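Input: a single structure, listed below in structure tokens.
Below, each value reflects all heavy atoms present in this structure, side chains not excepted, and no hydrogens, waters or symmetry copies. Order of the sequence lines sets the chain letters (A, B, ...), proteins ahead of strands, with each chain counted from 1. Just so you know, these numbers come straight off a predicted model, no measurement behind them.
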Amino acid sequence: MNDDMQRQLIQDLVIESLEGLDSFDAEMLALEGSEGEAQDHLKLAFRMMHTVKGSSGCLGFETIEKVAHSGENLLSLLRDEVIPVSQPVISGLLRCSDALRDMVHCLEVGAAPETVPHSDLLQLLDSLQREALNEPVAEPTSSATNATIQAQTGWGLFEEDPLPSAPPAPAASESLPEELPAEVQNLASSDNTNENPGEDIAGKPGPNNATGAPRASESAIRVEVAQIDRLMNLVGELVLARNRILQLTGAMSDPALNGPVQRVNLITTELQASVMKTRMQTVQTVWSKFPRLVRDLSYDLGKKVVLTMEGQDTELDRTVIEAIRDPLTHIVRNSIDHGLELPAARLAANKNETGQLRLTAFHEGGQVVLEIADDGRGIDPARVSKKAIERGLISADDAARLSEREILNLIFQAGFSTAEKVTNLSGRGVGMDVVRSNVEKIGGTVEINSSVGEGTTIQIRIPLTLAIIPALLVGCGGNRFAIPQASLLELVRLDPSSTTRSIEWVDAAPVLRLRGKLLALLDLGQALGLRSQPPAEDAFVVVVEAGGRKFGLLVDSVLDTEEIVVKPLHRLLKNLGVYAGATILGDGQVALILDIAGLAKRNGMSATRKLVEAESTQGQSAVDDGARSLRLLMTRVAQNRVAFPLEEVTRIEEIPANSVERSGPREVLQYRGRIMPLVRIGDCLGELRSPHPPDLIHVVVCQLRGTQAGLIIDQIEDIFEEKVKIERFGNERCVAGSLVAGGKIADLLDLERIAEFAGFERRP
Amino acid sequence: MTQYCTFYLANKHYALPMMDVQEVMLQQELTPVPLGSSVVRGLMNLRGNIVLSIDMRRRLRLPDSSPDQESVQIITQGPSGLVGWMVDQMGEVAELDPTCSEIPPGTVSAASREVLQSVFQLETGLLLVLDAQKVLEMDQDRPEMTQEGARELA
């Protein structure tokens, strides 16, 4: 843990604890004053004390933890009605809160909390507990304790006639360790100030506050989010006004005016950025709870886990932070509970007995990426699909058709859980579906990658902020609409002269044939009742995906992309279900933001999609056993058809045959500033050579045992996605088997065997 | 005495308690809301806040005004955001004693009666005071009166 982070954590602890202790005092006073339900106050007070104990324990401040723990013990007796609420007990608890507050102030100024005397307080709390339970008081003479208690009652906040401040000081110092006289005075005197309940206890000078540095509680204030939103609105308007002034002055070209206008321009930009920044928090605010969580969970489960966190400083909007808190916690729990193995199992699997859990956060493409990676047992697709079939989520036929990735995604389905035994942490079939829906609610996506035995990585991509999102503006029926970029996949302009880019009809539903797959279309103009005639032939298709539905939205024109400020809709428009909000565009006009998932739902796009999928699989051979759906790159080497699994292919390059060079026995190519070894697939398949070596050769770039390599083939034929059955006739080297794709027989390459054949070393 | 902000719709005199009114602005360009109720005329930008504009003629099932008729927006702050009441014309501010309100006479249409707070008999005629809350309580499932329907009623 670096210093900055440590400091940040401590600062969070300070602010959190001081607030908690203030409310703790309020609850205690309400309890003493018999306002409302005693149990309610006790529960709240208990929770606050528990939080202070938990957070300080988490950061290793044992003294604070110990004091809070004693307070908590006493509170729990009160809560469970083992002992009655009495003034001495409440006073003791308030004193406990004071001591904790002093200790927290110590932390704030960088002093050790141990310098705050607390041993007498611990004894006091202990004796209060024992006394109430009629147990003999432990070590100190009961007279000393009684004296303390008496003194305590003297400081009661609601004493009508407070005792003179003299008695408590000697009483307190009597039982204090001798070596800390200065602090004794300090504690005693600060206790005395409690006579005045109106005085802000947190505001008085704490011990060791000589540095004069501003306190966290003073240098930070709490501002209502609504207030910042109002600021944002005004700044947005200022930006619009600025834009108009810039346009006007640009036309006038008056040098005397240009200077001030440029200044206004710069200041406005900076103001906007600053206001945005006030809403930002680091991802650390969520992560700070994880070390404790991981520690406790791993102890409970008997696992050894090391948690590493990278990119804690990554900033996110407050609202986004709130939205990802629960999903992240859930994933972390899952990783420890299901992902990481017990030490013995890890050793048996040739791994370090300590499991790694890594949290990473970074910015990428205007989004924030959060990764939770473990090096546990990974997710076995076979087990997932078996479970999904058992739970009736998919049929056995479906399961056979799904790719490995699609199978992994099944864990996001509601009612899915592979945990063989239900623990109190996870495995109850609620969770990953909630994770996904929570993340999608804020315009994010969840992806899962896993390899059996090596671990699982879950990647969450979320927008930086919910308040400002990048959006595509489209025109339809004379109106402008904003489509959040998060649900945008691609844009296609229809071209009536091209068969691949014109609308086709399946029954009454328009579809587009996009790279060989049928895509259901929804005419936005019709869906919103803006026009009844069909869209123009050269309209645009905006391919979108939301809520697991992918479809094309037909619009009249594509206008622009813009960063828009999302504003909520009035209640009267919310239940339309097709708008996610509204925004004010650069020209000051209002535009509606489309709710893609809502549009799809309202227009039954999910049903259409099924129909279209069924349609697209028609005409293919009946499903026979052992058939798998594969994406294949079909190539030709001499007279043979050779298929590559497309997911293994990084790139396809066309290069002049004479750019191939040699290094030792190997053919190599200078590729992107590096030397890339080449393998002739013809050689792998048994000295296949085309009779006329071409001038241009095709290189399929892929990874062979962790090394980037180029596989030379003669020609690229096509890309297929088909259900294929792989059959083996004998043990040909480098070939996984034969299959029929596109009506022709091809050999499916086995890259591992090719690596073996070409003598590639295994690299980590 | 309470202040009322009065306005006219199809030559009838209406009012809103002044407490509910934030400001009055001239008609602005509106962004229509497709699929929205016909009573919702659209959205407009008021200094960075989005205002939902309600056509009060349609809300009270009065005939639509002619397209070239100018209108005014009375901005009110409701519990769910700003709402602009689109009315024909503003009237005076009236100071009236709420205890002097009368029982709505039988000539008041059912649509108005639903959203009425009180009625005053002025020298110039009846003044119908609307309840801002009730005006916004539109039945979501019941389609509001279409323009044709409104014309028929008229």
Handout entry: Engaged part of A:L530 at the chain B interface, taking heavy atoms whose separation is under 4.5 Å
Key = side chain
Handout entry: Proximal component of A:V578, with respect to chain B [non-hydrogen, under 4.5 Å]
Key = side chain
Exercise for the section: Return the set of residues passing side-chain hydrogen bond (donor to acceptor under 3.5 Å, both in side chains) with B:Q3 (not counting sequence neighbours), or none when no residue passes. Expected result: B:E95
I'd like to know whether [atom1] of [X] has more than 12 heavy-atom contacts from other residues, nucleotides or ligands below 6.0 angstrom.
{"X": "B:E92", "atom1": "CD", "result": "no"}
{"X": "B:N11", "atom1": "CG", "result": "no"}
{"X": "B:M19", "atom1": "CE", "result": "no"}
{"X": "B:Q133", "atom1": "CD", "result": "no"}

[Y] side chain reached by [X] side chain, heavy atoms, under 4.5 Å:
{"X": "B:L43", "Y": "A:L573", "result": "yes"}
{"X": "B:P34", "Y": "A:L592", "result": "yes"}
{"X": "B:V33", "Y": "A:L576", "result": "yes"}

Problem - Closest non-hydrogen atom pair between B:N49 and A:I584, with its separation - result: N-CD1, 4.2 Å
At a heavy-atom separation under 4.5 Å, does [X] approach chain A through its side chain, its backbone, both, or neither?
{"X": "B:V40", "value": "side chain"}
{"X": "B:L82", "value": "backbone"}
{"X": "B:V83", "value": "side chain"}

Exercise for the section: Quick one: which residue pairs count as a side-chain hydrogen bond (donor to acceptor under 3.5 Å, both in side chains) with a foot in residues 266-275 of chain A, not counting sequence neighbours? Expected result: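 Those involving residues 266-275 of chain A are A:R242-A:T269.
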Handout entry: Short side-chain to backbone donor-acceptor contact, B:T31 and A:A591, under 3.5 Å
Key = no
Practice task
Please check if the side chain of B:N45 supplies one atom and the backbone of A:G588 the other of a donor-acceptor pair under 3.5 Å.
Solution key: yes
Handout entry: Distance in Å, A:R230 CZ paired with B:R47 CZ, rounded so as to fall on 0.5 Å steps
Key = 13.5 Å
Exercise for the section: Check the pair B:L136, A:R571 against side chain to side chain contact (heavy atoms under 4.5 Å, CB included), reporting the backbone distance first and the verdict last. Expected result: CA-CA 10 Å; B:L136 295 180; A:R571 181 180 51 84; 4.3 Å; yes
